[in-house]
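One structure below.
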Amino acid sequence: MNEPTVLSVVGARPQFVKAFPVSRLLRERAREVLVHTGQHYDFGMSDVFFEELDIPEPEYNLGVGSANHAVQTAAMLRELDAVVESEDPDLVLVYGDTNSTLAGALVAAKRDVPVGHVEAGLRSGNWSMPEEVNRVLTDRCSDLLFVPSERAVGTLAGEGITDGVTVTGDVMYDAVLRVRDRAVAEATVLDDLDLDRGEYVLATVHRQANTDDPERLAAIVEGLASSPRRIVVPLHPRTKNALERHDLLERTIAALTLTDPVGYVDFLGLLAGAERVATDSGGVQKEAFYLDTRCITLRDETEWVETVEAGWNELVGADSGEIRRALRRTDELPEKPPLYGGGHAAERVVDGVVSFLDSESIAHD
Ligand code: UD1
Ligand code: UDP
């Protein structure tokens with residue numbers, strides 16, 4: 001009998017981080033075919049993660065590149081469909097909530113191939129967010145739903161999804177645990193930018209609602225600029241384009257320390273050394289919690305509600321006054337509750353995948 005094949009689909013920066021702990025373990029127990037959709041393609045948004053994290057070279061790079069949502073997703077659907085047809089996988093594994101996630105899930109569902117979703121069951125409750133559409137549709141297409149917390153189990157049950165749900169914890173915690181020490185020892189970016197540990201604020205912004213609305217983006221820049229500390233911003237290409245388009249780049253360069261996107265080792269080093277972080281990223285909210293860094297979230301809602309309830313994350317939206325106030329908060333942070341598992345999520349995902357493949361092969365014998 002042939003070894004079962006898992007086709008894993010990645011394409012955007014956070015998915016390289018999420019796949020890194022899973023892919024390694026999966027390859028010990030099944031045949032993995034890794035597909036990079038090409039959604040992210042700059043060296044600093046893609047290759048650097050494969051190099052630093054020793055992620056296997058993808059068997060396919062579909063090279064879809066950038067376009068609006070429908071055009072980008074359509075290109076992925078067409079290219080992925082051909083790969084699924086030729087590889088005939090036993091399972092398609094997708095991560096998170098990007099267009100690459102949805103494309104992988106949809107192609108598999110249409111070809112009657114089972115789908116596994118890592119980071120299932122998360123909701124922001126904001127349907128205007130492209131990622132929310134991707135999450136809901138991907139979960140609906142999924143046979144195996146690997147969720148980070150009990151809350152996600154309840155969310156899925158509320159949508160009528162109860163079969164195939166496993167609480168694994170967060171694979172990004174596994175990734176942080178593996179790279180944390182190396183990041184603190186090897187990150188060169190603090191010296192490069194002349195930063196003193198504990199004396200600067202790290203900030204990241206790339207969410208569509210914040211970059212495409214000039215008023216929100218300007219309010220975020222002004223809120224950050226009001227900080228008494230230096231603000232360091234590894235700038236997502238989407239945000240750089242938006243600052244140029246909205247005529248905000250000059251002001252931003254004057255007020256903040258901008259740098260190109262950095263690799264994962266440098267980023268975790270920056271995050272661990274920051275006095276606090278301000279972000280609209282999903283992943284960074286959790287990584288801040290894991291690295292004991294206070295977080296201010298530049299959004300009106302979050303999927304990572306537990307970090308807010310724990311008192312380590314504050315939602316401030318894109319309001320410059322709120323950002324200014326939050327940057328000055330000095331109250332003690334509460335004791336950290338254990339959230340999102342103990343750093344063994346990747347093992348649980350792979351166990352779930354392998355048991356599923358075993359049960360399918362018994363059923364077909
Ligand atoms: C995507 C995901 C988002 C995720 C983010 C992680 C969707 C709908 N959005 O958003 O959920 O949080 O990735 O970073 O899937 N660009 C480059 N070089 C690159 C990649 C992008 O210049 O390597 C520029 C292009 O101008 C592109 C823009 O960034 O149009 C946006 O890229 P895209 O992948 O469409 O969305 P993100 O904002 O990165
Ligand atoms: N990240 C990075 N370099 C950066 C910014 C982010 O390595 O300059 C990492 C970060 O540590 C996290 C992931 O990229 O693991 C988050 O990606 P992003 O914020 O782009 O996406 P989101 O999590 O919001 O989907």
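FYI, side chains are in, hydrogens and waters are out, and symmetry mates aren't considered; it's all heavy atoms of this structure. Quantities reported herein were computed from a predicted structural model and do not represent experimental measurements. For ligands, and for the atoms within them, numbers begin at 1 and follow the listed sequence.
- Contact annotation for Val17 and ligand 2: only side-chain heavy atoms (C-beta onward) come within less than 4.0 Å of the ligand.
- Close N/O approach between Asp280 and ligand 2 is not found [any backbone or side-chain N/O within under 3.5 Å].
- Residue nearest to atom 3 (N) of ligand 2, selected from Val262, Leu270, Val176, Leu202: Val262 (by heavy-atom distance).
- Under the 4.0 Å criterion applied to side-chain N and carboxylate O atoms, Arg151 and Glu309 are assigned as salt-bridge partners.
- By the neighbour-count criterion of 12 heavy atoms within 6.0 Å, atom CG of Asp163 is sparsely surrounded, having that number or fewer from other residues, nucleotides or ligands.
- Looking at atom 21 (O) of ligand 2, its nearest protein heavy atom turns out to be Pro14 CG, 3.5 Å.
- Counting only heavy atoms of the protein, atom 35 (O) of ligand 1 lies nearest to Gln72 NE2, 3.7 Å.
- In summary, the side chains of Glu79 and Thr37 do not present any donor paired with an acceptor at a separation below 3.5 Å, with no hydrogens or angles considered.
- Those atoms of ligand 2 that come under 4.0 Å of a heavy atom in Phe49, given as number and element, are 2 (C), 7 (O).
- Ligand 1 places these atoms under 4.0 Å from at least one heavy atom of Glu131: 3 (C), 9 (N), 11 (O).
- Within ligand 2, counting atoms from 1 as listed, the ones closer than 4.0 Å to a heavy atom of Gly263 are 7 (O).
- For Arg328, the CZ atom sits in a packed shell: over 12 heavy atoms of surrounding residues, nucleotides or ligands are nearer than 6.0 Å.
- Looking at Ser100 next to ligand 1, no N or O pair under 3.5 Å apart turns up.
- Of the listed residues (Pro237, Ala242, Gly11), the one carrying the non-hydrogen atom nearest atom 24 (C) of ligand 1 is Pro237.
- Between Arg140 and Glu159 there is no salt bridge, since none of the side-chain N atoms of the basic residue sits less than 4.0 Å from a carboxylate O of the acidic one.
- Both the backbone and the side chain of Tyr264 come within 4.0 Å of ligand 2, counting heavy atoms alone.
- Under the 3.5 Å distance criterion, the side-chain polar atoms of His246 are matched with a main-chain donor or acceptor of Thr211.
- Of all atoms in ligand 1, listed by their number and element, those nearer than 4.0 Å to a heavy atom of His69 are 8 (C).
- Protein heavy atom closest to atom 18 (N) of ligand 1, with residue, atom name and distance, is Asp42 OD2, 2.9 Å.
- Protein heavy atom at the shortest distance from atom 16 (C) of ligand 2 is Ser281 OG, 4.0 Å.
- The residue Glu131 has no part lying near ligand 2, judged by heavy-atom distances below 4.0 Å.
- Here Asp54 does not pair with Arg178 in a salt bridge; the nearest charged N to carboxylate O distance is not below 4.0 Å.
- Summarising the contacts of atom 39 (O) of ligand 1 with Gln39, His40, Gln208, Arg135, the nearest heavy atom is found in His40.
- In plain terms, the two heavy atoms of Asp90 and Phe356 that are nearest each other are O-CE2, 4.4 Å.
- The residue from Val6, Leu91, Val92 that alone fulfils the side chain to side chain contact (heavy atoms under 4.5 Å, CB included) condition with Pro114 is Leu91.
- In this structure, the protein non-hydrogen atom closest to atom 15 (O) of ligand 2 is Glu287 OE2, 2.5 Å.
- A side chain to side chain donor-acceptor pair (under 3.5 Å) with Ser124 holds for exactly one of Glu301, Glu132, Arg299; it is Glu132.
- Of all protein heavy atoms, the one closest to atom 19 (C) of ligand 1 is Tyr41 CZ, 3.5 Å.
- Atom 4 (C) of ligand 1 has His206 NE2, 3.8 Å as its closest protein atom, hydrogens excluded (heavy atom only).
- With a heavy-atom cut-off of 4.0 Å, Asn241 touches ligand 1 through its side chain alone.
- The number of heavy atoms from other shown groups lying within 6.0 Å of NZ (Lys336) is above 12.
- Close N/O approach between Gly282 and ligand 2 is found [any backbone or side-chain N/O within under 3.5 Å].
- Scanning all protein heavy atoms for the shortest distance to atom 24 (O) of ligand 2 gives Arg207 NH2, 2.7 Å.
- Between Glu87 and Arg111, none of the side-chain N atoms (NZ, or NE/NH1/NH2) sits under 4.0 Å from a carboxylate O, so this pair counts as no salt bridge.
- Counting non-hydrogen atoms of other residues, nucleotides and ligands closer than 6.0 Å to CG of Asp194 gives a total of 12 or fewer.
- Looking only at heavy atoms of the protein, atom 1 (N) of ligand 2 is closest to Phe267 CG, 3.8 Å.
- Under the 30°/60° scheme for interplanar angles, the aromatic rings of Phe16 and His36 are found to be tilted.
- A donor-acceptor pair shorter than 3.5 Å can be found between the side chains of Thr257 and Arg230.
- The closest non-hydrogen atom to atom 8 (C) of ligand 1, taken over Asn99, Thr101, Thr98, comes from Asn99.
- Of all protein heavy atoms, the one closest to atom 30 (O) of ligand 1 is Ser66 CB, 3.5 Å.
- Contact atoms of ligand 1 toward His236: 14 (O), 37 (P), 38 (O), 39 (O) (distance under 4.0 Å to a heavy atom of the residue).
- Using a 4.0 Å cut-off to heavy atoms of Met45, the atoms of ligand 1 that qualify are 23 (O).
- Salt bridge absent: Asp196 and Arg229 never bring a charged side-chain N and a carboxylate O closer than 4.0 Å.
- Note on Lys286 versus Glu119: salt bridge recorded, some NZ/NE/NH1/NH2 to OD/OE distance being below 4.0 Å.
- Residue contacts with ligand 1, taken as heavy atom pairs separated by less than 4.0 Å, involve Arg238 via backbone and side-chain atoms alike.
- If you number the atoms of ligand 1 from 1 as listed, the ones under 4.0 Å from a heavy atom of Pro14 come out as 6 (C).
- When each of Val171, Val165, Leu93 is paired with Phe146, the side chain to side chain contact (heavy atoms under 4.5 Å, CB included) condition holds for Leu93 and for no other.
- Aromatic ring pairs are classed by plane angle as parallel below 30°, tilted from 30° to 60° and perpendicular above 60°; the pair Trp304 and Tyr340 is perpendicular.
- Backbone and side-chain nitrogen or oxygen atoms of Asp97 are examined, and none is located within less than 3.5 angstrom of a nitrogen or oxygen of ligand 2.
- When Glu119, His236, Arg238, His206 are ranked by how near their heavy atoms come to atom 18 (P) of ligand 2, first place goes to His206.
- The shell of residues lying under 4.0 angstrom from ligand 2, judged by heavy atoms, includes Met172.
- Under the 4.0 Å criterion applied to side-chain N and carboxylate O atoms, Glu314 and Arg325 are assigned as salt-bridge partners.
- Of all the heavy atoms of Pro234, the ones lying under 4.0 Å from any atom of ligand 2 belong exclusively to the side chain.
- With hydrogens left out, the protein atom closest to atom 20 (O) of ligand 2 is Arg13 NH2, 2.8 Å, a heavy atom.
- The single protein non-hydrogen atom nearest to atom 23 (O) of ligand 2 is Gly283 N, 2.8 Å, given as residue, atom name and distance.
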